[in-house]
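Worksheet for the structure shown next.
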Amino acid sequence: MIYCIEDDNSIRDLMIYTLQSAGFQTKGFADGSGLMKLLQAEQPALILLDLMLPGEDGISILKKLKSDMTTSNIPVIIASAKGTEYDKVIGLDLGADDYLTKPFGMMEMLSRVKAVLRRTSPIGTDSLMRIGNLELNPGEHTVYIVTEQSKEQIILTLKEFELLHLLMKHPGKVFTRDVLLDRIWDSDYLGGTRTVDVHVGTLRMKLGDCGGFIKTVRGVGYKMEDRQ
């Protein structure tokens, strides 16, 4: 199921028609009212979200989605008629997975939807990962800090999870910022390598003491080590 939130009726109808013709189940909405309540009953595989909406705008909706642990992992593609780099970067840094600049073609939209779904589909073939007290389950998309006394779940955004998963999957391997940007955000992302540093900093903070496993390789990038 794909949710399409777009206030222009003709554009929304065309998006829904294109997605359904490609085999996707789709629901359309003119605004974000009642979205969070609806998500409690049925979560989509992806949300197409217009930034310019009546009432609550798309950025505010995106913030709510990514701050709620029950919806933070739903992939989001933002669409904006503004088309400025600032709007795209703000949306992507808030956790959106891709963007479309209006006017966009339906085939471009379909291609980006399929690409995001490929990137964000659960990786069920990977086994449980453990470094120190840090435990990551790719299939369940969960991260825990495990001690003899407790097991605390750490809530991460999709990008933070993907970043941690990549580092833990290759302990000891150094990833440059450019490589991380390409692997996690795709090569056409406009935010620059600074966004990698910001996400690593936030990830370290959320992981607490276990954040020390993520090492900075000065002038190069980052790696994951099994010792702090």
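One-based numbering along the sequence shown.
Residues Asp197 and Tyr222 have side chains that bring a donor and an acceptor to within less than 3.5 angstrom of each other. Judged purely by distance below 3.5 Å, without hydrogens or angles, the side chains of Ser150 and Thr147 pair a donor atom with an acceptor atom. Using modelled atom types, one finds no donor on one side chain facing an acceptor on the other under 3.5 Å when comparing Arg12 with Thr26. For the residue pair Asp31/Ser33, the side-chain donor-acceptor check at 3.5 Å is satisfied. Using a 3.5 Å distance cut-off with no hydrogens or angles, the side chains of Thr195 and Asp93 do pair a donor with an acceptor.
Sorted by first and then second residue, the ring-ring contact (aromatic ring centres under 6.0 Å, His included) pairs involving residues 31-70 (not counting sequence neighbours) form an empty list.
Of all non-hydrogen atoms in Pro44 and Ile74, the two that sit nearest each other are O-CG2, 3.9 Å. Taking both residues in full, the closest heavy atoms of Ile78 and Ala96 are given as CG2-CB, 3.9 Å, listed atom of the first, atom of the second, then distance.
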Taking it one step at a time, do Leu19 and Leu48 satisfy side-chain contact (heavy atoms from CB on, under 4.5 Å)? CA-CA 11 Å; Leu19 291 165; Leu48 285 161; 3.8 Å; yes
Intermediate values then yes/no, salt bridge (Lys or Arg N to Asp or Glu O under 4.0 Å), Lys151 and Glu135: CA-CA 10 Å; Lys151 184 175 183 179; Glu135 179 181 285; 3.5 Å; yes
Test side-chain contact (heavy atoms from CB on, under 4.5 Å) applied to Met224 and Leu164, step by step: CA-CA 9 Å; Met224 177 71 74; Leu164 181 62; 3.5 Å; yes
Check against side-chain contact (heavy atoms from CB on, under 4.5 Å), Val143 and Leu207: CA-CA 9 Å; Val143 175; Leu207 295 178; 4.3 Å; yes
Go through it in stages, so that I can follow the logic: the residues are Phe24 and Leu110, the test is side-chain contact (heavy atoms from CB on, under 4.5 Å), and I'd like the CA-CA distance, side-chain angles, deciding distance and then a yes or no. CA-CA 10 Å; Phe24 293 105; Leu110 190 59; 3.9 Å; yes
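A salt bridge links Glu6 with Lys102: at least one charged nitrogen is closer than 4.0 Å to a carboxylate oxygen.
The main-chain N or O of Ile11 is found under 3.5 Å from a side-chain atom of Asp8 such that the two form a donor-acceptor pair. Looking only at distances, no side-chain donor or acceptor of Lys223 sits under 3.5 Å from a matching main-chain atom of Leu167. Side chain of Arg112 to backbone of Lys114: no donor-acceptor contact under 3.5 angstrom is found.
You'll find the side chain of Ile77 stays beyond 4.5 Å of the side chain of Met109, heavy atoms only. Looking at heavy atoms from C-beta onward, Met15 lies in side-chain contact with Phe104 at the 4.5 angstrom threshold. With a 4.5 Å cut-off on side-chain heavy atoms, Phe213 and Glu225 do not count as touching.
With values rounded to the nearest 0.5 angstrom, Ser72 atom OG is found 9.5 Å from Leu65 atom CG. From Thr71, atom OG1 reaches atom CG of Asn73 across 8.5 Å, with rounding to the nearest 0.5 Å. One distance of note links CE of Met69 with OG1 of Thr157; it measures 14.0 Å at 0.5 Å rounding. Atom-to-atom distance recorded for Leu163:CG and Phe175:CZ is 9.5 Å, nearest 0.5 angstrom. The SG atom of Cys210 sits 9.5 Å away from atom CD of Glu152, with the distance rounded to the nearest 0.5 Å. Interatomic distance, CE of Met129 versus CG of Leu134, reported as 11.0 Å (0.5 Å rounding).
Geometrically, Lys27 does not engage Tyr3 in a cation-pi contact defined by less than 6.0 Å to the ring centre and at most 45° from the axis.
Glu42 CD: more than 12 foreign heavy atoms inside a 6.0 Å radius.
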For residues 55-64, run the donor-acceptor check on the side chains, cut-off 3.5 Å, and write out each pair with its distance to 0.1 Å, sequence neighbours left out.
unit_1 : atom_1 : unit_2 : atom_2 : d
Glu56  : OE2    : Ser60  : OG     : 2.7
Glu56  : OE2    : Lys64  : NZ     : 3.0
Asp57  : OD1    : Ile59  : N      : 3.3
Asp57  : OD1    : Ser60  : N      : 2.8

